[in-house]
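Because only heavy atoms are used, hydrogens play no part in the values below, and waters and symmetry mates are left out as well, while side chains stay in.
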Amino acid sequence: MGKTDKHYALGLTFLFLTVGAFTASHHEMWRDEIQAWLLARDSTSIFNLLANLKYEGHPGLWHLCLMPLSRISDSPVMMQMFHLLITGVTVYLFVRYAPFNWFQKLLFCFGYFVLYEYAIVARNYALGFLLITVFCVLFRERYKRFIWVGCVLFLLAHTSVHALIVTIGIGIALCCEYVFGGRFLRPLNQGFKAIEDKRPIWIGFTLIGIGITTAVLQLNPPPDTGFAVAWHFNYDAKRVNEIVKLISRAYLPIPRPVLGFWGSNLLTTYPFFQAIQVPLCYFLMLFSLLLFHKRPTALLIYLISTFGLLTFFYVKYHGSIRHHGFLFLTFLMCFWVYRECPAIHLGKTEPQEVDSIVDRVLNVSGTVLITLLLVCHAMGGITTLRMEHRHVFSYGKLTAEYIKSQGMQDYPIVAEKDSAASTVVGYLPKRQVYYPRGSRLGSFVRWDKARSHSASSKLVIEEALKLSRQDAQDVLIILNRSLSAQRREQ
């Protein structure tokens with residue numbers, strides 16, 4: 001890597017952070033962003049945080065990172081700054097080390113997932129994106145730095161359930177490469193080779209195993225969990241096709257330029273695309289298999305991670321675009337590392353000239369495909385920036401600002417819908433409000449069965465009156481719906 005590459009990486013990273021900071025300053029955080037902040041802010045200790053995380057469906061690395069930040073300031077802006085910095089480091093590492101040309105790197109930096117979903121929307125997925133990038137950087141000299149690889153994958157498993165699935169795919173592929181590499185694979189560059197000191201290898205694999213095991217244990221839900229409790233093990237052809245379509249949503253994330261842009265897809269509004277969507281998804285998977293077929297390590301990572309994610313979406317939770325993005329991250333990661341994987345060598349089954357031509361055609365086709373995909377991602381990124389500046393993303397911040405402007409931030413609060421009102425609470429210096437839906441005090445949402453019942457307007461008013469008499473002061477009611485004239489008179 002020359003000085004020119006370094007300067008280009010620094011320049012693109014600075015431009016990315018400038019655009020990202022300006023956009024983040026106009027982004028009103030929504031429930032899931034604020035939920036993580038409230039969990040970190042209002043948990044009294046690390047053990048208390050881990051106990052509160054039981055209902056979240058994700059491991060706790062992101063929340064552990066937020067905890068010290070929440071002790072510096074009550075404002076969730078701290079989380080936004082930290083989140084953008086994480087993605088900025090990811091951008092620098094990608095531009096500096098990824099085996100792509102300057103134009104592809106430029107497109108990458110301003111793509112939908114990089115510029116918006118994993119930069120502006122502050123969630124735990126950006127941390128997983130960074131660690132996947134670090135893994136790709138380490139991959140070329142993985143056997144020299146296998147303990148570091150183990151540490152990275154240990155942490156990756158603790159960022160999200162989707163990153164955990166990718167970690168399992170990487171771990172199995174590396175294990176197969178190490179165990180069977182000497183018998184079936186031909187080394188490329190510093191690929192598989194005899195290693196005298198095997199202790200770092202076993203330490204690395206141990207770290208990966210411990211990371212996966214402890215993450216799975218964290219994800220084991222308590223008996224009274226009330227979110228995404230269903231499992232879908234029965235075969236349903238329609239559901240299979242709907243899950244397969246997620247590949248096109250992840251590979252071609254171009255949202256509609258409308259108010260409800262988040263999670264939408266412009267291409268699916270065209271009848272022609274709807275007709276070819278499923279065949280296109282199967283083509284993308286088949287092409288990936290052909291591209292990686294002589295590099296078993298990359299092939300295994302792609303197969304296990306992609307089918308693992310699709311299986312999770314099918315049997316457990318369909319998810320949203322931020323979750324589906326890991327399908328594209330898996331493809332991008334495999335495209336990055338496959339040239340550094342040892343090639344399979346099972347004997348001469350075809351003429352060398354034909355073999356070479358096929359490889360060149362696949363490589364050129366892969367380069368063209370990745371460029372076209374990144375162009376679509378850049379179109380999606382630009383669209384979301386326009387929509388983010390044009391529309392209010394969530395009204396929690398504006399509601400909190402109004403409450404503070406009226407001097408009502410110190411009033412006791414009764415909030416009808418916890419999943420909506422918690423966004424307001426995150427922007428207030430308030431540790432507890434009363435949630436009738438669950439009949440308890442708190443700030444973050446506790447996704448258990450106790451909150452499965454709805455809170456009627458009558459119940460909300462009764463609880464507010466009770467609290468008002470108890471504290472002998474006015475009570476602020478936060479509703480997610482309009483209140484009838486009769487109820488307002490009460």
Side-chain angles (χ1 to χ4, degrees), residues 12-13 15-25 27-37 39-40 53 56-70 76-98 108-137 152-167 215 250 253 262-263 309 319-330 332-333 336 377 380-381 384-385 388 393 426:
L12 269 185
T13 302
L15 180 60
F16 168 83
L17 289 173
T18 301
V19 174
F22 181 73
T23 306
S25 68
H27 174 70
E28 303 84 11
M29 286 182 280
W30 79 298
R31 180 198 67 206
D32 282 10
E33 296 173 88
I34 294 298
Q35 172 78 355
W37 178 254
L39 280 161
L53 284 173
E56 290 299 297
H58 286 299
L61 183 59
W62 172 240
H63 306 81
L64 289 170
C65 291
L66 294 180
M67 205 169 190
L69 295 178
S70 67
V77 174
M78 289 288 293
M79 176 175 65
Q80 283 185 297
M81 294 168 59
F82 177 61
H83 187 265
L84 184 61
L85 181 62
I86 288 173
T87 313
V89 175
T90 303
V91 165
Y92 176 80
L93 292 175
F94 185 92
V95 178
R96 185 81 167 89
Y97 297 105
F108 168 86
C109 293
F110 297 97
Y112 173 79
F113 291 113
V114 181
L115 184 58
Y116 188 73
E117 198 68 57
Y118 301 147
I120 303 304
V121 183
R123 293 297 309 279
N124 49 318
Y125 310 108
L127 199 56
F129 190 14
L130 170 61
L131 291 168
I132 288 174
T133 305
V134 173
F135 166 76
C136 290
V137 173
V152 169
L153 295 181
F154 176 93
L155 294 174
L156 179 61
H158 287 266
T159 59
S160 70
V161 63
H162 311 91
L164 171 61
I165 293 170
V166 174
T167 304
W262 196 39
L309 289 166
S320 303
I321 186 65
R322 56 193 178 276
H323 310 125
H324 309 154
F326 278 84
L327 291 166
F328 180 74
L329 292 187
T330 295
L332 195 66
M333 170 180 61
W336 181 338
H377 280 247
T384 52
L385 289 191
E388 183 67 55
F393 191 81

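Going from atom CZ of F326 over to atom CG of L332 covers 12.5 Å, rounded to the nearest 0.5 Å. Rounding to the nearest 0.5 Å gives a distance of 5.5 Å between CG of L309 and OG1 of T330. From Y116, atom OH reaches atom CH2 of W262 across 7.0 Å, with rounding to the nearest 0.5 Å. Rounding to the nearest 0.5 Å gives a distance of 12.5 Å between CG of L17 and OH of Y92. The CG atom of L61 sits 9.5 Å away from the CG atom of L66 when rounded to the nearest 0.5 Å.
For A250, the side chain to side chain contact (heavy atoms under 4.5 Å, CB included) criterion is met by H324, L327, F328, not counting sequence neighbours. Applying the ring-ring contact (aromatic ring centres under 6.0 Å, His included) criterion to F113, with sequence neighbours excluded, gives Y118, H377. With sequence neighbours excluded, no residue forms a ring-ring contact (aromatic ring centres under 6.0 Å, His included) with F110. A search for side chain to side chain contact (heavy atoms under 4.5 Å, CB included) contacts involving F154 returns H158, I210, T214, not counting sequence neighbours. Remark: R322 pairs with D32 by the salt bridge (charged side-chain N to carboxylate O under 4.0 Å, His left out) rule, at least two apart or across chains. Shown here are the side chain to side chain contact (heavy atoms under 4.5 Å, CB included) partners of T90, two or more places apart in sequence or in another chain: F129, L130, T133. Under the rule for a side chain to side chain donor-acceptor pair (under 3.5 Å), W30 has no partner lying at least two apart in sequence or in another chain. Applying the side chain to side chain contact (heavy atoms under 4.5 Å, CB included) test to T23 and every residue at least two apart in sequence or in another chain returns V19, I120, L385, E388, H389. Here E33 pairs with H27 under the side chain to side chain donor-acceptor pair (under 3.5 Å) rule; sequence neighbours left out.
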*Chi angles and distances behind the side-chain contact (heavy atoms from CB on, under 4.5 Å) call for T159, L131*: CA-CA 9 Å; T159 59; L131 291 168; 3.7 Å; yes

*asked:* Would V91 and V114 count as a side-chain contact (heavy atoms from CB on, under 4.5 Å) here? Give the steps.
replied: CA-CA 8 Å; V91 165; V114 181; 3.7 Å; yes

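More than 12 heavy atoms of other residues, nucleotides or ligands shown are found within 6.0 angstrom of CE on M78.
Put simply, the side chain of I132 reaches to within 4.5 Å of the side chain of L156, judged on heavy atoms. Side-chain contact between T13 and F94: absent, with no pair of heavy atoms (C-beta onward) separated by less than 4.5 Å. Residues M333 and F135 have side chains in contact (heavy-atom distance under 4.5 Å, counting atoms from C-beta outward). Between P59 and L164, every side-chain heavy-atom pair lies at or beyond the 4.5 Å cut-off.
Minimum interatomic distance between A157 and T167 (heavy atoms only, all atoms of both residues): N-OG1, 3.5 Å. Of all heavy-atom pairs spanning I321 and G263, the tightest one is CG2-CA, 4.1 Å. Minimum heavy-atom separation, L127 to C65: CD2-SG, 4.2 Å. Closest approach of L53 and G60 over heavy atoms only: CD1-CA, 3.5 Å. In terms of heavy atoms, L12 sits closest to C109 at CD1-SG, 3.9 Å. Closest heavy-atom contact between S160 and N124: CB-ND2, 3.4 Å.
Pairs passing the side chain to side chain donor-acceptor pair (under 3.5 Å) check and including a residue from residues 58-70, sequence neighbours excluded, read H58-Y125. Applying the salt bridge (Lys or Arg N to Asp or Glu O under 4.0 Å) rule to pairs touching residues 78-94 yields nothing, sequence neighbours excluded.
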